[in-house]
Amino acid sequence: MLAIPWYFASILKAPGALGIMYTLTLCGSVIWGIYAGTLIDKYPRKNIFIWFSFIGGSLLLLASVWGYVLGSVPIFMIIAVFAATWYYNNIYFPTMYAFAQEVCEAKDYGRVNSFIEIQSQAINILSGGAAAMLLQGIDINSLHIAGLTIPFHLHITPWSLSSIFLTDGITYFIAILLISQIKYTPHTEKHHETGSILDRLKTGRNFLREHPTLLIFGVSSLSIFVVVLTHVILLMPLYVKNHLNQSAGAYALMDVYYGIGALLAGVWIRRLFRKTTTVKAILLFMMVTIVLLLVCSFTKSVAIFFGFSFILGSVNAGTRVLRITYLFHHVPNQVIGRVNSALNVLSVLCRILLSSIFSFAFFLKGDNIVWAYFFSAIFILINFLLMLSRYSSLTENYKEPGISTAEQIS
């Protein structure tokens with residue numbers, strides 16, 4: 001997913017096509033996301049992991065073979081891989097959280113979500129470092145440490161998309177082998193639903209209709225995530241290339257710094273905010289993100305952008321851990337898949353809006369991409385005010401275990 005945006009922005013020099021591809025993929029996510037929620041709540045979550053890993057891995061291997069035969073991967077296959085990976089993520093993350101809630105006791109929700117975040121971001125750091133090598137290549141003849149020059153030869157030529165797709169496809173099948181070995185005992189009661197897709201969709205809709213404040217929390221708390229995805233897929237390649245005038249290596253290293261920040265957030269987030277309500281902590285993270293985006297809008301420093309990536313990783317991961325734990329406590333496992341999918345669909349609509357705006361020719365010229373970061377800050381500010389307007393209802397009607405009533409309403 002790092003290789004494809006950079007391929008469009010730098011190799012093909014078609015950032016406009018990247019924006020169109022991203023927006024059209026998001027449009028398809030609206031329909032798919034709604035349907036995915038019904039699958040998550042109807043079928044065993046473990047089976048969903050296995051079958052969709054098989055589909056995703058097979059498509060990647062097909063694209064890789066096609067590229068080796070033709071000499072390069074056709075554009076339509078690159079788009080297909082991008083869209084399929086995106087749709088896989090649309091069902092993977094809601095399924096993972098629904099599975100975690102199903103197999104864990106309520107007292108362990110926060111700890112388990114932190115563990116999930118830690119392992120996810122550890123892999124993100126490794127994949128970001130690997131992406132830097134695959135996209136840019138490495139040519140090192142010596143290491144310079146404390147004034148000493150140590151002979152060290154390492155040469156890695158940049159990989160083709162065919163090779164990247166091949167490696168990625170193989171990991172899907174490794175995942176299938178690992179997931180098939182999982183054994184567990186559910187800790188939540190799950191009823192088998194036999195109704196039609198429409199009936200199952202109505203069940204999820206009715207739950208959110210009965211809990212409008214929870215709906216506002218779910219959507220507003222996703223605003224950081226919406227901006228992060230738009231930033232990584234659409235904005236960052238242009239910001240690095242046009243504004244910072246940096247290479248693919250710097251682009252991939254941004255992901256490493258982001259992953260390190262997110263990894264550390266998984267470690268300290270619960271300890272740091274154990275006496276603070278989730279709503280208050282997320283509001284704080286939203287304010288931090290607004291400041292970060294505004295700083296990026298008015299600076300042209302690689303070091304500052306590395307720092308931006310690190311802190312953005314922390315606040316996004318911290319928000320995700322707190323947000324999912326909060327929903328676990330207030331949404332039954334029987335409908336968690338549909339509720340999460342419905343919230344994700346609403347976040348997709350927000351991403352469609354942002355990506356459509358940021359695909360205008362104005363943002364693609366020179367370093368005008370900085371204005372996209374300014375407008376992203378405005379977007380989060382709107383959601384900040386929306387959540388703040390429901391602060392009392394969120395803290396009084398949806399109390400959190402382990403936090404006193406006085407602390408929740410303060």
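Side chains are part of it too, since the values below use all heavy atoms of this structure and drop only hydrogens, waters and symmetry mates.
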(request) Given side chain to side chain contact (heavy atoms under 4.5 Å, CB included), test Arg320 with Ile324 step by step and report yes or no. (result) CA-CA 6 Å; Arg320 185 161 52 233; Ile324 292 297; 4.3 Å; yes

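Of the candidates Asn90, Asn344, Asn89, Ser29 forms a side-chain hydrogen bond (donor to acceptor under 3.5 Å, both in side chains) with just one, namely Asn90.
Residues Phe384 and Leu283 form a side-chain contact, since some pair of their non-hydrogen atoms from C-beta on lies under 4.5 Å apart. Taking 4.5 Å as the limit, every side-chain heavy atom of Tyr35 sits out of range of all side-chain heavy atoms of Ile91. Counting heavy atoms from C-beta on, the side chains of Val339 and His211 never come closer than 4.5 Å.
The shortest heavy-atom contact between Phe285 and Gly318 is CE1-C, 3.9 Å. Shortest non-hydrogen contact noted between Val370 and Tyr239 is CG1-CE1, 3.9 Å. Nearest approach of Asn333 to Arg45, heavy atoms of both residues: OD1-NH1, 3.0 Å.
Within the structure, every pair that satisfies the side chain to side chain donor-acceptor pair (under 3.5 Å) test and touches residues 302-318, not counting sequence neighbours, is listed here: Tyr258-Asn316.
To the nearest 0.5 angstrom, Leu229 atom CG is 5.0 Å from Arg351 atom CZ.
At most 12 non-hydrogen atoms from other residues, nucleotides or ligands lie less than 6.0 angstrom from CZ of Phe54.
Defined by atom type and a distance below 3.5 Å, a donor-acceptor pair is present between the side-chain atoms of Ser160 and Ser163.
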